[in-house]
Amino acid sequence: MKTPIVALASAVLWAGAVQAQAQAPAPADGKTLFAKNCAACHQANGRGIPGAFPALVASPVAIGPADAVAEVLLKGRGGMPDFSTSLDDADIAAVLTYARSSWGNHAPPITGTEVSMRRAALQVAPAGDSRFGNKH
């Protein structure tokens, strides 16, 4: 039989563990991030819109070196805006990994650490806590 203090302590620890799990951020979902941030231009099938938005299917940029494709999302390219303030490094890694492994693409995944290193090398400020600044 547990004493009331042990029972109370157990209940408090259990409640804290449940709350910590509830507050832990879910891992970034590349497919969902792509749908919200990229599909309007690059299309859900990754084929883009000829003459307007490039295809990501077999794209040398999309499946090329991790630092180069991360730079595109961090700084933008041509008419594409950057996502440096609206997506954090884990989100950028997730969306890039999704694009690099979808529609027949077979490029290796990109990690949040790789994106962070590229962000630092480019001297791009980290994404803010507020994701309402999305300019896309």
Side-chain angles (χ1 to χ4, degrees):
M1 178 173 178
K2 291 184 179 179
T3 64
I5 292 176
V6 171
L8 179 61
S10 295
V12 168
L13 288 173
W14 180 81
V18 169
Q19 182 178 6
Q21 285 179 344
Q23 292 177 350
D29 173 15
K31 185 175 184 177
T32 299
L33 288 166
F34 184 87
K36 289 181 180 178
N37 295 282
C38 313
C41 298
H42 296 289
Q43 305 301 292
N45 63 8
R47 296 201 180 277
I49 298 174
F53 305 107
L56 301 178
V57 174
S59 162
V61 174
I63 61 177
D67 62 338
V69 70
E71 184 171 333
V72 172
L73 268 69
L74 290 168
K75 295 197 76 157
R77 180 177 184 192
M80 184 181 133
D82 72 88
F83 289 84
S84 63
T85 59
S86 58
L87 297 176
D88 66 24
D89 297 341
D91 291 342
I92 289 174
V95 76
L96 289 175
T97 295
Y98 172 74
R100 290 164 62 87
S101 64
S102 297
W103 319 298
N105 290 341
H106 299 288
I110 295 177
T111 67
T113 300
E114 289 174 298
V115 176
S116 295
M117 290 171 49
R118 192 65 186 148
R119 184 186 289 271
L122 295 169
Q123 299 180 347
V124 173
D129 289 337
S130 172
R131 302 301 168 88
F132 295 110
N134 191 336
K135 57 187 171 237
H136 310 103

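The model shown is predicted, which means the values in this text are computed figures rather than measured ones.
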Residue list, side chain to side chain donor-acceptor pair (under 3.5 Å) with Thr111, at least two apart or on another chain = Glu114
note = For Ala94 and Ala28 the tightest heavy-atom approach is CB-CB, 3.5 Å
request  = For Ser59, check side chain to side chain donor-acceptor pair (under 3.5 Å) against everything at least two apart and list the hits.
outcome  = none
query = For Arg47, does its backbone N or O pair with a side-chain atom of Asn45 as donor and acceptor, under 3.5 Å?
reply = yes
message = Closer than 3.5 angstrom, by distance alone: can the side chain of Gln43 be matched with the main-chain N or O of Ala40 as a donor-acceptor pair?
response = yes
ask   = Measuring from Asn37:CG to Leu87:CG, what's the distance to the nearest 0.5 Å?
value = 4.5 Å
request  = Kindly state each residue pair satisfying ring-ring contact (aromatic ring centres under 6.0 Å, His included) with at least one member in residues 84-104, sequence neighbours excluded.
outcome  = Phe34-Tyr98, Phe34-Trp103, Tyr98-Trp103
From Leu74 atom CG to Ile92 atom CD1, the distance as rounded to the nearest 0.5 Å = 4.5 Å
query = For Ser84 and Val124, which heavy atoms make the closest approach, and how far apart are they?
reply = CB-CG1, 3.4 Å
task = Any pair with a residue in residues 92-107 that passes salt bridge (charged side-chain N to carboxylate O under 4.0 Å, His left out), sequence neighbours left out, goes on the list, sorted by first then second residue, please.
result = none
ask   = Of all heavy-atom pairs between Asp91 and Leu33, which one has the smallest distance, and what is that distance?
value = O-CD1, 3.5 Å
ask   = Looking only at heavy atoms, what is the nearest atom pair of Asp82 and Lys75, with distance?
value = CB-C, 3.4 Å
task = Please name all residues satisfying side chain to side chain contact (heavy atoms under 4.5 Å, CB included) with Met117, sequence neighbours left out, ordered by chain then number.
result = Thr113
task = Answer whether the closest heavy-atom distance between the side chains of Ile110 and Thr97 falls below 4.5 Å.
result = yes
task = Could I get the full list of side chain to side chain donor-acceptor pair (under 3.5 Å) partners for Ser101, not counting sequence neighbours?
result = none
Please table the atom pairs, donor to acceptor, closer than 3.5 Å between any side-chain atom in residues 63-71 and protein atoms at least two apart or in another chain.
{"residue": "Glu71", "atom": "OE1", "partner": "Arg118", "partner atom": "NE", "Å": "3.4"}
{"residue": "Glu71", "atom": "OE1", "partner": "Arg118", "partner atom": "NH2", "Å": "2.4"}

remark   = Going by chain and number, the hydrophobic cluster around Ile49 (ILVMFWY, side chain to side chain under 4.5 Å) further includes Phe53
